[in-house]
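Notes follow the structure.
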Amino acid sequence: MQGIMSKFHQNRVFTLLVWLIIVFIAIISAPSITNTLQRYSQPTFSANSQPQKAANLRDQWGYQLGHSQTINIVYENPSGKLTSKQKQTIQSTIDGLKKHQSYYSIKRIVTPSTNVSGQAQMLSKDGSTQVVSLDINPKNDLRILTSELVTQVKVPGLKSFVTSPEIVRDVNNQTTAQVTKIVLVALFIASILIVGIYFRAILAALISFITLFTAFVTSYSISLNLASHFNWAFTQYVPLEIGLAVLVLGTIWNIYIFRKLKSVLTVEREPRAATKQTIQGLRFPITIVGGALTILFGLCGLVHFDEIQALWALAITYPVLILATLTLNAVFTAALGESIFWPTTTLKPAMKASYWNKATEFSLWQPIAGFLVVLYITLPFIYFYHNSLNFSPMTNLTETSQAVKGARVLQAHFSEGKPTPVTIYLKADKPLTNEKSLQSLDELTTKLQHTAGVSDVYSLTQPGGMPIEKYYVANQLESIGLSSKQATGQLSQASNGITSNANNLDLKSLKQQVRSMAALVKKSHQIVQSSSSLASQVNNAAANAGTSVQANASKKVQRYQRQINQLNQSLQNVSSGVSQLAAEGQVIQNYGENSYNNLQNYSQQIKQIQQALKKVNRQVTSSTSQLNHIYDYLSGLQKSGGANVYYITKAQLADTDFQQTMLNYTSQNQKITTLQVVFKNAPSSTTNIKQVNRLKQQINLQLRGTALSDAQVAITGEPVTQAMTQSKMSHHFLTLFLILIIGILAAVFTVSRAILQPLYWTVTFAMSALTGFQLTYLTMHFIAGIKQFDWQVPIMAATILVAFGAWQIIALGLSYRYTELSLLDWIRPTMASYGQIVRYILLVIVILAIALTFGASFGMIEVALIVIYTAAVFYLILPMIVSSMGKLAVTLPNKKHILKNK
């Protein structure tokens with residue numbers, strides 16, 4: 001390392017040329033920050049995740065809808081209900097849009113007229129809002145497409161919006177890109193001002209800017225190219241995190257370098273020698289701290305969470321920053337020498353750190369009291385620590401975005417969860433064109449509708465979120481009941497006719513009775529056929545009714561079927577008997593006409609026919625009674641809750657309404673369908689995970705043992721995405737915290753060659769950070785009414801704080817390592833000199849944190865406040881901890897030794 005640095009110093013022009021080439025390549029090879037953020041803005045999922053499985057099923061949908069996204073056009077009448085004329089105007093506008101479907105990459109348009117059964121999900125209950133759904137090709141630029149559609153779909157007199165969770169997320173990404181660029185510019189300006197004001201030198205500020213800009217551009221380009229070519233994790237906040245890492249630690253290092261250089265130049269006037277001495281004096285601490293941070297953030301690449309895994313980019317940033325700081329600064333300082341500090345000629349003497357001196361003296365005098373003061377400052381905030389994060393992309397968005405306005409309109413007129421539905425994809429082994437599969441699907445729909453936190457569920461069997469009566473057992477039972485009632489009436493007429501014929505045999509009436517009985521037998525066959533197809537449904541109906549019905553279900557169904565079969569047999573016997581009577585009557589009549597001598601026999605046959613008619617009449621009367629009992633049973637079963645079982649006939653499967661619903665809710669091969677679940681509330685970190693898990697559990701339980709038990713199921717949607725992010729964040733942020741704290745401890749243990757005192761310092765920093773987080777939460781809550789941090793805030797704050805903390809703690813550890821004084825003798829001079837430097841570092845941190853607020857983003861403001869509060873608390877309590885714990889480490893063992901000697 002020394003040999004390389006020496007060659008660089010001796011060949012300033014070569015070093016500068018190398019950096020110029022690196023920067024040039026970095027600039028031309030890396031795309032703009034805006035394009036980068038748009039490319040890496042959408043959340044990514046593993047192959048086994050639910051959203052990815054849902055995407056795979058969507059790709060199999062057919063109808064050229066694979067890989068498509070769904071967006072909504074929202075129309076609102078601010079004056080009340082939509083009029084018929086306004087609805088016609090909306091339809092005309094959509095018809096005009098259909099003419100240009102290919103231009104706008106629209107694959108399908110669903111309106112209330114093309115989804116008649118599902119109008120409830122497209123028209124609000126108050127009648128003021130209508131939704132039109134578009135399936136578009138996401139390969140095109142969503143931002144440009146949305147902008148064009150906003151202009152195209154406008155309707156006079158109505159408010160129109162184009163929105164979807166993807167559009168809202170894209171708007172958030174656009175805002176993030178703008179904030180990132182503004183913040184980076186503000187940070188660079190703040191860094192220039194800090195160095196320029198501190199040294200009162202223009203060239204020093206300019207050289208610092210060149211060094212830091214070179215480090216930033218190089219790190220950004222290398223990280224982005226590695227992510228592009230090797231698919232390493234990269235998120236939209238990585239460019240800002242790289243900028244913060246470079247500017248926070250780089251500004252501090254430049255101040256140290258320039259300050260030491262100026263002090264060396266007072267003794268060594270030759271610029272090259274002064275530069276060499278300066279770099280040699282600071283190379284080790286800069287390399288140690290940068291190397292430690294490189295290892296820490298390199299370990300973050302092993303965490304299976306993109307937002308934390310993407311911090312590997314900082315493991316590239318810090319080595320680049322070390323090289324730029326130690327080599328590029330040296331090029332200019334060796335060439336310019338003292339001229340770098342023009343127009344200032346003398347270094348401003350450091351002011352005494354009054355507070356640190358007093359805090360040190362107090363803690364050495366009363367170490368326990370000093371320790372208690374530290375606890376008094378931090379412990380209440382740590383004890384009542386509140387950590388609540390907001391995972392919605394709408395956190396930093398205002399109502400100025402039309403997509404956000406559209407989402408708000410949907411929330412106001414439908415439900416809070418309407419803009420962010422959950423979509424359930426279900427793929428069966430066979431086409432969903434059979435009664436059993438549809439019944440299982442309907443039962444799942446009904447079960448999910450009654451799940452806690454669910455507002456509406458739309459599916460193939462309930463496209464409007466409500467059961468369609470004609471597809472249920474109750475409707476089929478009503479049909480059979482009516483048939484039974486009609487049959488009863490016809491049997492009564494038949495009984496009267498037979499009685500009349502028994503008293504006064506009329507051959508013409510008897511023939512008419514034959515025809516009536518034939519029609520009745522035909523209806524009997526229809527009843528038997530309907531009864532057989534409904535047998536399983538009646539069983540299910542009884543099973544779904546009360547306990548008493550369940551106990552007698554099997555007996556009732558069997559009795560019902562026996563009665564139907566007996567009735568059918570009786571009717572057939574009656575029909576046969578009547579037909580035979582009519583035939584015999586015709587024979588007898590002919591016989592009587594041909595021979596008067598046979599009149600006596602004819603009279604005897606009449607008596608036999610009358611007796612047969614009476615027998616048939618008794619059978620008809622019995623059949624009538626049986627039908628009345630059956631009708632009463634069916635009427636009672638129809639009114640019970642057990643009859644609410646989905647049952648669709650073959651004729652209904654083929655009707656136009658159901659075919660249109662199939663087109664909207666099933667894939668081209670009819671094996672895949674979707675259920676859309678709308679929660680009552682918008683996704684919230686307090687309830688979202690529970691709701692999504694509850695939904696998964698209900699799906700698994702309901703499909704178990706049904707015709708769809710082997711179906712593939714996957715769920716997706718904004719609530720699922722946020723729930724996954726929240727779960728991973730809760731699980732992996734603790735891992736990040738442990739990596740950073742343990743890493744700092746390992747580094748400071750190594751460089752200080754001590755354990756106990758560095759442990760106290762590191763714990764002090766952790767306590768300061770927790771206090772800073774809680775103070776920021778209280779500030780945002782009482783000033784801005786914000787009760788939750790943006791979920792990215794802790795990660796960004798951690799990247800700044802670990803750089804600040806590592807430099808402070810490791811620098812203190814180096815001082816402790818190379819001192820020849822005892823611990824107590826080391827504390828006073830170290831705290832006096834260290835306090836003078838820490839104030840300037842604190843000033844750097846505060847000014848850079850303030851620069852974060854220029855993005856006018858609540859997230860950036862929260863990060864700024866966390867950093868400021870943490871640095872301030874650390875500045876207050878560090879001298880007391882170092883002094884009190886150092887004093888106790890010496891005095892307590894001595895007291896124990898004295899007691900043992902006594």
Side-chain angles (χ1 to χ4, degrees), residues 50 53-54 56-57 60-61 117 422-452 454 456-477 532-547 549-550 553-554 557 637 640-650 652-653 658 661-662 664-667 669-677 691-716 720:
Q50 287 291 316
K53 290 180 179 178
N56 294 336
L57 292 178
Q60 304 171 32
W61 192 267
S117 300
V422 171
T423 302
I424 303 171
Y425 284 86
L426 189 149
K427 181 181 180 181
D429 296 333
K430 300 178 181 179
L432 298 168
T433 52
N434 59 86
E435 167 267 325
K436 289 185 179 180
S437 297
L438 293 174
Q439 179 191 345
S440 300
L441 184 64
D442 188 74
E443 290 174 350
L444 173 62
T445 303
T446 303
K447 185 67 175 179
L448 295 181
Q449 286 171 343
H450 292 87
T451 302
V454 173
D456 298 291
V457 180
Y458 308 107
S459 69
L460 174 61
T461 61
Q462 299 186 34
M466 295 290 291
I468 301 176
E469 293 183 359
K470 65 180 180 179
Y471 298 142
Y472 285 81
V473 167
N475 185 269
Q476 312 302 326
L477 291 175
S532 299
S533 63
L534 273 175
S536 61
Q537 303 304 324
V538 173
N539 278 309
N540 289 334
N544 292 330
T547 306
V549 177
Q550 292 179 10
S554 179
V557 172
L637 184 59
S640 71
N644 294 324
V645 175
Y646 190 87
Y647 177 73
I648 186 169
T649 64
K650 292 182 179 179
Q652 289 171 333
L653 278 171
F658 191 77
T661 305
M662 289 282 288
N664 290 329
Y665 282 89
T666 59
S667 62
N669 61 10
Q670 297 182 333
K671 292 184 179 181
I672 307 175
T673 187
T674 60
L675 295 88
Q676 189 178 89
V677 181
Q691 283 188 336
V692 172
N693 289 338
R694 189 184 298 121
L695 198 65
K696 293 178 182 178
Q697 184 180 17
Q698 292 290 359
I699 294 170
N700 293 333
L701 290 175
Q702 187 60 39
L703 293 181
R704 189 176 300 170
T706 68
L708 299 176
S709 59
D710 295 329
Q712 300 178 38
V713 180
I715 64 174
T716 187
V720 179

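If you're wondering where the values come from, they're calculated on a predicted model, not measured in any experiment. Computed from heavy atoms alone, side chains included, the values below leave out hydrogens, waters and symmetry copies.
Distance check: L460 CG to T674 OG1 gives 8.5 Å after rounding to the nearest 0.5 Å. Here the straight-line distance linking atom CD1 of I672 with atom CD of Q712 works out to 8.0 Å at 0.5 Å rounding. Note that CG of L432 is 11.0 Å distant from CG of L653, once rounded to the nearest 0.5 Å. Between the CD atom of Q691 and the CG atom of N693 there is a distance of 10.5 Å, given to the nearest 0.5 Å. Atom CG of D442 is separated from atom CD of Q439 by 8.0 Å, given to the nearest 0.5 angstrom. The CE atom of M466 sits 11.0 Å away from the OH atom of Y458 when rounded to the nearest 0.5 Å.
The shortest distance between side-chain heavy atoms of Y665 and L441 does not fall below 4.5 Å. Using a 4.5 Å heavy-atom cutoff, the side chains of T461 and T446 are not in contact. Looking only at side-chain heavy atoms (C-beta outward), Q462 and V457 stay at 4.5 Å or farther from each other. A heavy-atom distance below 4.5 Å is not found between the side chains of L448 and Q702. Between L703 and L426, the closest side-chain pair of non-hydrogen atoms falls below 4.5 Å. No side-chain heavy atom of N56 sits less than 4.5 Å from a side-chain heavy atom of Y425. At a threshold of 4.5 Å between non-hydrogen side-chain atoms, the residues P431 and N669 do not count as touching. Between L444 and T706 the shortest side-chain heavy-atom distance does not fall below 4.5 Å.
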Run the side-chain contact (heavy atoms from CB on, under 4.5 Å) check on T445 and Q449 step by step: do they pass?
-> CA-CA 6 Å; T445 303; Q449 286 171 343; 3.8 Å; yes
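Remark: K447 NZ is loosely packed, at most 12 non-hydrogen atoms of other residues, nucleotides or ligands lying under 6.0 Å away.
Between the side chains of Q60 and K427, at least one donor N or O sits under 3.5 Å from an acceptor N or O.
Using modelled atom types, one side-chain atom of Q50 and one backbone atom of I715 make a donor-acceptor pair closer than 3.5 Å.
Summarising the geometry of P463 relative to S117, their closest heavy-atom pair is CG-CB, 3.3 Å, with the distance given to 0.1 Å. The nearest pair of heavy atoms linking A711 to A428 is CB-CA, 4.2 Å.
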